[in-house]
J.: 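First, the structure itself, so that you have it in front of you.
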Amino acid sequence: MKILVIEDEHKVAEALKEGLEHESYAVDIAHTGEDGFFLLNSKQYNLLLLDLMLPGRDGIEILKTIRDKKLDIPVLILTARDTVEDRVLGLDSGADDYLVKPFAFPELLARIRVLLKRGKEKQTSRLQLADLEMDLIKRKVKRSGKDIALTLREFDLLEYLLRNQNQIVSREMLAADVWKETNRATPIDNLIDVHIARMRRKIDDPFETKLLHTVRGVGFIFSEDTP
Ligand code: CA
């Protein structure tokens, strides 16, 4: 389980990292909203611990951007602010939970466990973008209510794109995460492009709204909006 901590106070961030690593979580730290956002876009996390008072973009702005981009990560706010208005603002902006500093570490751990469990349940059964739906249990894909038959590899590829929807996915990411090809000496870009083209014929060509877009020189983005 991987946790991202966005916290500008170095001492607090280090203490969190140490405590969480002791509980066997993998932890990355970002000291600014910008760094945090970069990490969120480039790596997969199971949970975000977000401080509200940050230099530059504050926590609420980061949270709103995350939810606007439909990133489905559970967010736990950690903050010294403890007025009712602040709590409401945090939760309204898309936080899943709220903890006021100073807090007891066991309480933080308990809340993290709840959020991770909830996130897991939510993650497993269904993925969707626009009228395209994927049932992960039955391993079925439908678009506009019509069944689409995919090969095993196409299914995995589509699942990855759905999980990372509205974010740019590079061929390198696909090679590592879908093909599990970590050896950079054997580029499989052509293989990826062939699978992408075949999948596109099935999930996009018969439909008016295109979801899979090529971003020249970078990779692909799975989105309702044309980049
Ligand atoms: Ca702070």
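Note that the structure is predicted; figures quoted are calculated from it, not measured. Both ligands and their constituent atoms are indexed starting at 1 by order of listing.
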J.: For Asp8, what is the atom name of its N, O or S atom nearest to the Ca ion (ligand 1)?
T.: OD1
J.: Using a strict threshold of under 4.0 Å (side-chain N to carboxylate O), is an ion pair present between Arg139 and Asp156?
T.: yes
J.: Using 3.0 Å as a strict upper limit, say whether an N, O or S atom of Met53 approaches the Ca ion (ligand 1) that closely.
T.: yes
J.: Give me the ring orientation class for Trp179 and His195: parallel if the planes are under 30° apart, tilted from 30 to 60°, perpendicular past 60°.
T.: perpendicular
J.: Going by salt bridge (Lys or Arg N to Asp or Glu O under 4.0 Å), Glu133 matches just one of Lys138, Arg126, Lys140. Which one?
T.: Arg126
J.: For the Ca ion (ligand 1), decide whether Asp51 has an N, O or S atom at a distance under 3.0 Å.
T.: yes
J.: Any side-chain to backbone donor/acceptor pair from Arg143 onto Ala130? Under 3.5 Å, distance only.
T.: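 Not at all, since once roles are kept as given, no pair shorter than 3.5 Å links the two residues.
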